[in-house]
Amino acid sequence: MKNPLRKRHLRELRTDAGKYIVIFIILVMSISFVSGFLVADGSMIRAYDESFEKYNIEDGKFTAEHRLNRSQKREIEAWGVQLYDLFYHDADLTNGSTLRIFAERTEVDRVCLMEGDMPQSAGEIAVDRMYADNNSLKPGDAVSDGSHEWVISGLVALSDYSTMFSDNTDTMFDATTFGVGVVTADGFADIPGEPVRCYAWKYLQTPADEQQEHDLSEDFMAYLNDRIVLKNYLPRYANQAIVFTGDDMGSDRAMMEVLLYIIIVIVAFVFAVTMTNTITKEATVIGTLRASGFSRNELIRHYMTMPVIVTLISAVIGNILGYTVMKNLCAAMYYNSYSLPTYVTIWSPEAFVKTTIIPIIIMTVVNWLILYRSLSLRPLQFLRHDLSRRKKKRAVRLPHGLPFMQRFRIRIITQNLANYLTLFAGILFANILLLFGFGLPMILEDYQNSLSDNMLSNYQYILSIPSDISDEDHRLESLVSGMKFLSDVETDNPDAEKFSAYNLMTVAEDDIRSEEIMLYGISPDSRYVHASFGPEDAYISQSLADKYDLEPGDVLRLKEKYKKDTYEVRITGVYSYEAALCVFMDRTRLNKMFDLGEETFAGYFSDTEITDIAEDHIGTQIDYQSLTKVSRQLDLSMGSMMDLVYAFAVVIFFVLMYLMTKTIIEKNAQSISMIKILGYSPGEISRLYIVVTFLAVIAFMLLSMPIVTRAIIFLYKYMILREMTGWIPIHLKPGLYVKMFVLGLLTYTLVAVLEYRRIRKVPMSEALKNVE
Amino acid sequence: MLTLKGIEKSFGEGAGRVTVLKNINMEIRDGSFCVLLGPSGSGKSTLLNIIGGIDTCDAGEIAIDGRAMSDMSEKELTRYRRRHLGYIFQMYNLIPNLTVRENIEVGAYLSDHPLDLDELLSTLGLAEHQDKLPNQLSGGQQQRTSIGRAVIKNPDILLCDEPTGALDYQTSKDILKLIETVNQKYGNTVIMVTHNNAIKDMADEVVMLHDGRIRDVIHNRVKTAAEDLEW
């Protein structure tokens with residue numbers, strides 16, 4: 001015979017529909033989102049990984065000073081590579097962006113057509129999908145560089161530009177002001193001016209591992225240097241436009257999973273608290289069942305069934321939504337950041353385990369533990385309603401001077417401590433989400449606004465030193481080249497001020513990324529860096545101090561990129577500069593430290609544009625646009641997610657407040673009924689039961705603010721340290737807290753209205769009924 | 001045969017310690033109707049709970065068919081209650097969202113050989129109410145349901161703790177008649193706690209308790225039918 005108690009489940013579902021519906025919604029929302037995210041992430045990673053073979057992505061590229069002739073190509077290919085032309089023009093378009101235009105590729109770095117058609121005639125162009133989205137361009141639109149116009153025939157993804165790094169030395173990509181496109185061979189030939197002589201290569205024998213790839217690349221570079229004048233050399237593993245996406249994708253998974261599990265645990269506690277109340281309500285029934293021979297495990301199973309079934313159904317529906325609606329939403333988030341090719345959804349067993357099996361396990365374990373404890377009392381204790389574990393339950397003494405209503409409210413709080421603790425945990429969690437949802441866009445906006453006042457100079461030019469200057473084998477030539485270079489990069493701009501610079505990397509620890517730190521050597525009495533540096537002084541920028549928790553007296557350990565040499569810099573001060581992670585010191589000291597030569601310099605600070613140095617000699621130009629790339633990109637890629645986070649926080653807020661208030665009122669239905677009989681009006685009763693929760697909500701909101709702030713700063717740092725280079729200072733304005741507070745109160749007001757109706761509905765006969 | 005030897009039970013500690021059962025010795029034959037009679041505080045409910053395995057004694061021994069309950073683990077006690085006991089309380093303790101029929105089925109689920117449900121429903125006079133929820137029933141009907149729940153598993157011993165304590169005169173008599181019928185029809189041992197002196201006349205054996213001790217044991221040679229009881 002099947003256990004007849006099972007018939008209660010469906011009835012309980014009907015009578016307590018409100019509770020189950022909200023819990024169901026919250027579970028479906030979180031499971032579908034995480035499932036969608038994991039599926040999209042997994043499918044995208046697969047598509048990205050497969051794209052290397054599918055689109056025959058290069059093993060590297062180099063730019064030659066001059067076009068290679070056939071015999072040079074043959075000689076280079078004899079080394080063991082296949083070369084491909086990858087010429088391009090950088091066109092400055094009238095919309096303010098730069099479009100890198102390639103001729104159609106058929107052999108290497110092939111193109112994935114996402115929408116429309118590939119260009120058929122010379123006047124047509126297929127542009128990167130994300131660049132088009134960011135600039136509101138669609139097939140049929142025209143783009144122009146002032147002298148030449150192209151009609152967009154289609155939207156594409158270039159396999160070697162999944163991330164829009166215009167220059168590999170850029171700290172962040174920017175798919176609004178930089179994009180790529182392909183035209184027909186004829187169309188390419190029509191573009192005036194010399195194209196950039198870029199060549200892609202593929203090794204004839206694929207390297208076995210990263211180390212071998214690295215070694216091969218070093219050897220190949222040396223081989224090339226002996227034969228041609230190299231302007232740029234970039235192996236695939238160092239090409240951010242190709243590898244950044246792969247590095248970045250998958251890094252949000254852990255955070256998403258943690259988010260889901262926190263929600264599941266909160267929901268499990270909500271179930272547990274409501275169940276504990278049910279057990280209190282049904283104590284005598286439980287006592288009778290136990291006395292009749294029902295075992296504790298049978299009852300635990302009975303009370304656990306609904307939470308587990310609701311979780312299971314939510315997981316199934318959540319997964320269905322995850323694979324359909326949410327997957328597309330999450331994929332869109334990736335497409336907002338990266339120019340990925342089309343993908344095929346793949347079934348993810350990992351997503352299934354993480355969004356179905358683990359939530360059910362969490363729900364089962366939390367509920368089992370609480371039920372095991374609650375039901376461990378003896379049958380007689382249930383029959384006598386003696387559910388307290390403490391031997392003598394004493395009432396908390398309250399001062400008689402306190403007004404009666406206040407004492408009554410305090411009693412409600414002490415009676416429902418578990419409910420209020422769960423509510424507090426929920427408010428904490430929801431506030432973390434809210435602060436994140438509200439805070440991040442504001443942080444980015446503030447950063448962009450404050451940056452213009454915080455730049456060292458309006459322009460910073462970092463010179464590009466030709467590789468032949470340091471050719472040990474041809475000392476005379478390199479000396480001549482060096483002198484020519486030095487005279488070429490002199491400027492007459494009176495605002496220009498020389499500085500030395502050297503790039504080092506932070507030392508990677510655990511899963512914290514290594515990143516580039518620029519060491520500036522500042523000229524004495526600098527106009528742009530207002531500090532006087534003693535021979536031993538080294539100031540770090542405020543952002544470097546904030547990101548790595550450094551302060552004067554600490555030692556900063558840095559290392560050479562691709563080498564094992566490490567340097568230790570003792571920090572003597574923090575310079576108020578938030579735009580980049582860098583170290584400032586005296587120019588002489590820096591030059592000495594890295595054997596650069598006394599008069600060597602790396603670039604110029606200037607408040608006005610320097611126009612008398614050839615563009616070829618300028619490696620990087622740091623201006624407002626380049627410094628805000630990180631924040632603009634974050635804004636773009638996370639903007640849509642912030643709305644989700646924000647909506648989610650409000651839902652969690654509402655659900656928890658609703659459930660906890662509802663449980664408190666249900667638990668006290670008999671008392672409410674009794675005081676109704678005594679003559680209290682529903683308004684007065686609401687002032688007791690609803691106001692007390694209202695006060696608790698206010699207290700919890702206030703109490704949660706400092707905790708939430710610390711949590712957010714911790715999470716933010718954690719995220720930035722592991723997932724991003726650079727730093728955006730986190731300043732949480734008081735207005736944010738006011739916004740959160742008001743939102744919390746508004747949500748509770750809505751709950752209060754619902755609960756007022758519930759109080760009105762409690763019948764007076766409730767108090768007169770016996771246990772049934 | 002249920003045997004109790006030297007049962008002692010106290011509550012509280014130190015100066016506040018109260019001994020509620022003092023050296024209780026008795027035997028209850030299979031199939032007999034035994035009434036534990038005594039005023040409030042005489043220890044009769046405590047004794048019933050100890051027999052039912054939902055409370056423990058400080059000293060002494062209870063054996064059912066020679067098997068000592070003190071040797072039983074918690075699990076074995078649960079099994080003992082499941083197989084051998086049926087409980088009826090003053091409060092009916094029905095499951096509010098199960099119908100009459102389903103509440104009785106809860107008892108049937110615990111037994112490998114339950115009685116026929118439909119027959120029991122008509123014996124209990126609940127056939128026409130079987131699909132109602134407890135809150136649609138009168139107190140008497142609810143108590144009948146709780147009797148049905150206890151009886152359906154055909155327990156060896158039916159423990160009744162003041163089953164008529166919350167009922168009016170006529171309903172009480174109806175309930176007593178029903179328990180009498182069950183005892184006669186199914187042959188269960190019935191142990192009933194009551195403070196109603198009149199009920200003793202329907203029992204085979206009456207154990208009179210006072211201040212935790214057995215004051216007297218009466219064997220009724222002639223029993224009065226529940227129908228004829230007056231109080």
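What's counted below: heavy atoms across the whole structure, side chains too, no hydrogens, waters or symmetry copies. Within every chain, numbering begins at 1; the chains are lettered A, B, ... in the order of the sequence lines, protein sequences first and strands thereafter.
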Is chain B contacted by the side chain of [X], its backbone, both, or neither, given a heavy-atom distance below 4.5 Å?
| X | answer |
| --- | --- |
| A:Arg296 | neither |
| A:Arg8 | both |
| A:Ile286 | neither |

What class does the angle between the rings of A:Phe294 and B:Tyr109 fall in, given that below 30° is parallel, 30 to 60° is tilted and above 60° is perpendicular?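 A:Phe294 and B:Tyr109: parallel rings.
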
Give a yes or no on whether a salt bridge exists between A:Arg6 and B:Glu102, defined as a side-chain N under 4.0 angstrom from a carboxylate O.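 No, this pair does not count.
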
Cationic N near anionic O, under 4.0 Å, A:Arg378 to B:Glu74: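 No, no charged N to carboxylate O under 4.0 Å.
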
Contacting region of [X] [heavy-atom separation from chain A under 4.5 Å]:
| X | answer |
| --- | --- |
| B:Asn97 | both |
| B:Ala108 | both |
| B:Ser146 | neither |
| B:Lys153 | side chain |
| B:Arg149 | side chain |

Any side-chain to backbone donor/acceptor pair from B:Gln143 onto B:Pro163? Under 3.5 Å, distance only.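 Pair found, side chain donor or acceptor close to backbone of B:Pro163.
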
Please confirm whether the backbone N or O of B:Glu119 pairs with a side-chain atom of B:Thr123, one donor and one acceptor, at under 3.5 Å?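 Yes, B:Thr123 side chain to B:Glu119 backbone: donor-acceptor pair under 3.5 Å.
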
Minimal non-hydrogen separation, B:Ile95 against B:Pro134, with atom names: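 So the two residues come closest at O-CG, 3.5 Å.
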
For residues B:Pro96 and B:Asn135, determine if any side-chain heavy atom of one lies less than 4.5 Å from a side-chain heavy atom of the other.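 No. Closest side-chain heavy atoms not under 4.5 Å.
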
So which of B:Leu85, B:Thr99, B:Leu98 has the largest heavy-atom pair count under 4.5 angstrom toward chain A?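 Result: the option with the highest number of such pairs is B:Leu98.
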
I need the residue from A:Thr15, A:Leu383, A:Leu289 with the largest number of non-hydrogen atom pairs under 4.5 Å to chain B.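 Counting heavy-atom pairs under 4.5 Å, the top option is A:Leu383.
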
